[in-house]
Asker: 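A single structure is presented below for examination.
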Amino acid sequence: MENRANYANLSNLRYIEELYNKYLEDPSSVDSSWQHFFEGMSFGESLNKVGGSDESSADLRIFRLIEAYRVYGHKAASFNPIHTEVEKLKNVGELNLKNLGFSQDELSKPFPTYGFLKENSAPLSVIIDALEKTYCSSVGFEYMGMQTPEMEKYFQEKVEPFFQVPLSREEKMEVLYNLNRSEALESFIHMKYPGQKRFSLEGGETLIPMMMEMIHHGSTLGVEQVVIGMAHRGRLNVLTNVLGKSYSELFHEFEKTYVPNTFEGSGDVKYHNGYSSTIQTKSGKNVHLALCANPSHLETVDPVVEGKTRAKQEMLFGGKTAPIIPLLIHGDASIAGQGVVYETMQLSKLSGYQTGGTIHIVINNQVGFTASPKETKSTPYCTDIAKSFGAPVFHVNAEDPERSVAAIKLAVEVRQKFGCDVFIELNCYRKYGHNESDEPAFTQPRVYKLIKQRDNIRNLYRDALIKENTLSKKEADELEAEFKNTLEEALKVTQEEVKTRPKPPSDEKPSLLTPVETKLALETLKGLAERFTTMPEGFVLNSKLKRLLEDRLKMITGDVSAKVVDWGMAEHLAYASLLVEGIHVRLSGQDCGRGTFSHRHAALTDQETAKRYYPLSHLSESQAPFDVYNSPLSEYAVMGFEYGYSLSYKKALTLWEGQFGDFANGAQIIIDQLIVSAEQKWNRLSPLTLLLPHGYEGQGPEHSSARIERFLQLAGNDSLYIVYPSTPAQHFHVLRRQGINPLLKPLVVFTPKALLRYPPTLSAPSEFSEGEFQEVIDDPSGIKNAKRLIFCSGKVYYDLIERRQRDDIAIVRIEQLYPLHTEKIQKLIEKYSSAKEVFWVQEEPQNQGAYSYIHPHLQKLLPEKTSLRYVGREISASTAAGTSALHTKQLEKFLKEACE
Ligand SMILES: Cc1ncc(C[n+]2csc(CCOP(=O)(O)OP(=O)(O)O)c2C)c(N)n1
């Protein structure tokens, strides 16, 4: 398709005429911007008069001029409050009069305005002036060429001409009030707590009136909640001045004696903590605000916000997206640098992950720690990622708070109307160094010379209002004094409270080892199986899958003690039973509908219509929703999204599956900073489940290890469950336990690959109708007088039993690696007290797998003179052998040692 951006280079009408003829035949055959042109202008009429008459060429040139400003006007806009090396080139070729086919002599000649101005015709200079004021003022717009003519039209109706934003006195006072609060809070803390890190917003105070207006205006457009993600910069200001956290609470956190005492945990620095509140808007509506806790890792919170938003939209509004807006506040360096921003945006239009459009505010203070923009991005704007996803961008100048506020109002309208992401680049500066004790002039001397000369935004705006007689100097002074007084009062309260604040009583912590009843009557299981193995009338199922479903049904309807139930069936039974108990099940990951190993088939495809059918969605009228989504090829954002989802949707089994377990390390930040530690840091509970295929099968270093050792090293404070089930029944029980467990803890499951089809692993139906998840499994062969006791976990158990020739070796499986059920282990050690040799056998190299973790635990339980011996692969930097032959050789070696 032809793009209208080429238009500036066009020199003949024939080309446009051709496009016009194409358009007449089929409007969608030409680029959307051309559609808009042909629709909106008297182009047809002018073409009819073609022959190069003056009138028609004037028509085209003017159109070209207007279009040039719409597309490129932002390049000449003055939204940078400090003039640095990043300042825009004012001489924008695309807007050059000569390049657009005009001569200087024509400036005073009248031209048609085509509705851009209310006059039908105006001198060229007047048209250009209006275009400059609209598109090249303190706001630059990027909205053209987004493939949606409706949105372009909408923008034009809203901003043309002059992007007028007349505010009432009351509205102006409100902007001033919010700027005042924003500025005064920072300078107050600066004075009272000198040298303490706060990541001041100064230079970008306009953020606060913008956010407030977004909430107020949003509420008139049906917004009931805003889920917010942001980094350190300005966070304390947002927490208090937007979310309403009390100033005294904040000051309390600055006190030297401060120890977090609202929950048992390590706590976190004040600019990482989350908060939620409900505020009443000007129109009298309530809006709930949730600021997500986030780690220092910039942009990590983005997918979390999206997942949390999506969960709330589903839970509270039946999936409607209009009532809840996700708001992400970025820094210019982080949005440009962090890949997770792209990964998160890639989710924005996918049916399983979309949230109806995110508002992004980028605080562009033109520096990232010490790095200048030219060192942090290869794109002209730090917001250029928006273009990949057709998201319009407003570039606003923080020193023009009125237009910044107008821009965010329009941004919310666009989001509500078109369901797309919208970006606002808040161009500002950073008054101090990266933090307040940092000297910025070491690295940015020229810029900071300019910054030092700037008066603060509140003062600039206040003076402008005084000048235009909106308020008097006396009123302004009173406003400032009143707010300072509020802060002084809050500080007094803090200092008094610090002395008296009691520590809350610490509750008895429930044990993760408390059994959870997960068994189900066989009749129930059979009933469920019948339903999820029955296809709707007329559904053309692949013949192999037809057989698979028939086999699945037979697994549960046959002999109760026959070991026939496989992993895929066990998983289906777990999900189905939870669903009918009202627990929502959501599974996402690459190719998880079918399953990487073709083992799941939770999404079936009609062989003629290619329509999808989800058997687990057709169990009963009253069942909870079942969702399985093949995710895009991302780990970081998708796992972050599911984590966020699990934070809000508590009555759900939320699962993320890795294609192979090792790919989870693409989301290592989500694991380290959130899944494992969020409860300790922020008292945030997530029952997210990670399914991580693991097992050494000679497939090379990259498909073998889910890095058991890493998860075990991260575990502490009962922060999660880590299991490696060895049978389908165990898999069933642990998934059910996770679905109904009142303890909300993440669960990591190391899942099978080749074992999926390995008959010795199969379970009997009776194992589903009896018992529960077993943290430790005793040797089932009833060995007496054991000489050797082997502890192991997971797949290697089957290698060991296959190889074991002796009847004096007992093999015990540790199915739950964290938290360890030491009492059960102790009992088995006592049972096999005749064993003088105790081995830990694993297939992973010695520096990997569970060995380093488990060694001290087991050793402590063993009799004094017995040492735990390691049997397995040698220490290796690589996870596994690169060839099948080497793999087998290594396996043989350690199996021999273990079993002979
Ligand atoms: C993923 C990640 N890498 C590095 C850092 C260290 N760091 C903290 S702030 C910062 C600069 C951020 O610049 P910008 O995004 O422009 O935000 P600003 O601080 O200027 O508001 C860096 C590199 C971090 N917090 N997170």
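For ligands, and for the atoms within them, numbers begin at 1 and follow the listed sequence.
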Asker: Does the distance from a Lys or Arg side-chain N to an Asp or Glu carboxylate O, for E413 and R415, drop under 4.0 Å?
Answerer: no
Asker: Grab the two heavy atoms, one from I335 and one from E299, that are nearest each other, plus how far apart they are.
Answerer: N-OE2, 3.3 Å
Asker: For ligand 1 and I335, I'd like to know whether there is a polar contact (N/O to N/O, distance under 3.5 Å).
Answerer: no
Asker: For Y429, does the six-membered ring have the charged nitrogen or CZ of R454 within the cation-pi criterion, i.e. under 6.0 angstrom from the centroid and within 45° of the normal?
Answerer: no
Asker: If we set the cut-off at 4.0 Å for heavy atoms, which region of H434 has an atom near ligand 1: side chain, backbone, both, or neither?
Answerer: side chain
Asker: Could you identify the single nearest non-hydrogen protein atom to atom 23 (C) of ligand 1 and state the distance to 0.1 Å?
Answerer: F369 CD1, 4.3 Å
Asker: Which ligand 1 atoms does R233 reach within 4.0 Å, using its non-hydrogen atoms?
Answerer: 18 (P), 19 (O), 21 (O)
Asker: Out of curiosity, is H297 lining ligand 1, as in a heavy atom under 4.0 Å away?
Answerer: yes
Asker: Nearest protein heavy-atom contact for atom 26 (N) of ligand 1: which residue, which atom, what distance?
Answerer: L298 N, 3.1 Å
Asker: Applying a heavy-atom cut-off of 4.0 Å, say which part of V367 lies close to ligand 1: side chain, backbone, both or neither.
Answerer: backbone
Asker: Ring centroids only, cut at 6.0 angstrom: are F188 and F251 within range, meaning strictly under it?
Answerer: yes
Asker: Heavy atom under 4.0 Å from ligand 1: found in N365's side chain, backbone, both, or neither?
Answerer: side chain
Asker: Within 45 degrees of the ring normal and closer than 6.0 Å to the centroid, is that where the cationic atom of K270 sits relative to F254?
Answerer: yes
Asker: So which protein heavy atom does atom 16 (O) of ligand 1 come closest to, and at what separation?
Answerer: D332 OD1, 2.8 Å
Asker: N/O to N/O below 3.5 Å, does that happen between Q338 and ligand 1?
Answerer: no
Asker: Taking 4.0 angstrom as the limit and counting only heavy atoms of S296, give me the atoms of ligand 1 inside it, by number and element.
Answerer: 24 (C), 25 (N), 26 (N)
Asker: So that I can tick it off, tell me whether E183 and R458 are bridged by a salt bridge, with the cut-off set at under 4.0 angstrom between side-chain N and carboxylate O.
Answerer: yes
Asker: Please determine if A333 has a nitrogen or oxygen closer than 3.5 Å to a nitrogen or oxygen of ligand 1.
Answerer: yes
Asker: I need the nearest protein heavy-atom contact for atom 13 (O) of ligand 1: residue, atom name and distance, please.
Answerer: G368 CA, 3.2 Å
Asker: What is the nearest protein non-hydrogen atom to atom 17 (O) of ligand 1, stated with its residue, atom name and distance?
Answerer: G331 CA, 3.8 Å
Asker: For the atom pair CE (M211) and NE2 (H216), what is the distance rounded to the nearest 0.5 Å?
Answerer: 11.5 Å
Asker: With a 4.5 Å cut-off on side-chain heavy atoms, are I279 and M212 touching?
Answerer: yes
Asker: In this structure, does ligand 1 have an atom that sits under 4.0 Å from one of the heavy atoms of H232?
Answerer: yes
Asker: Do you see a protein non-hydrogen atom under 4.0 Å from atom 6 (C) of ligand 1?
Answerer: no
Asker: Is any NZ, NE, NH1 or NH2 atom of the basic residue among R462 and E480 found under 4.0 Å from an Asp or Glu carboxylate oxygen of the other?
Answerer: yes
Asker: Both conditions, 6.0 Å and 45 degrees, for the charged tip of R586 above the ring of Y353: are they met here?
Answerer: yes
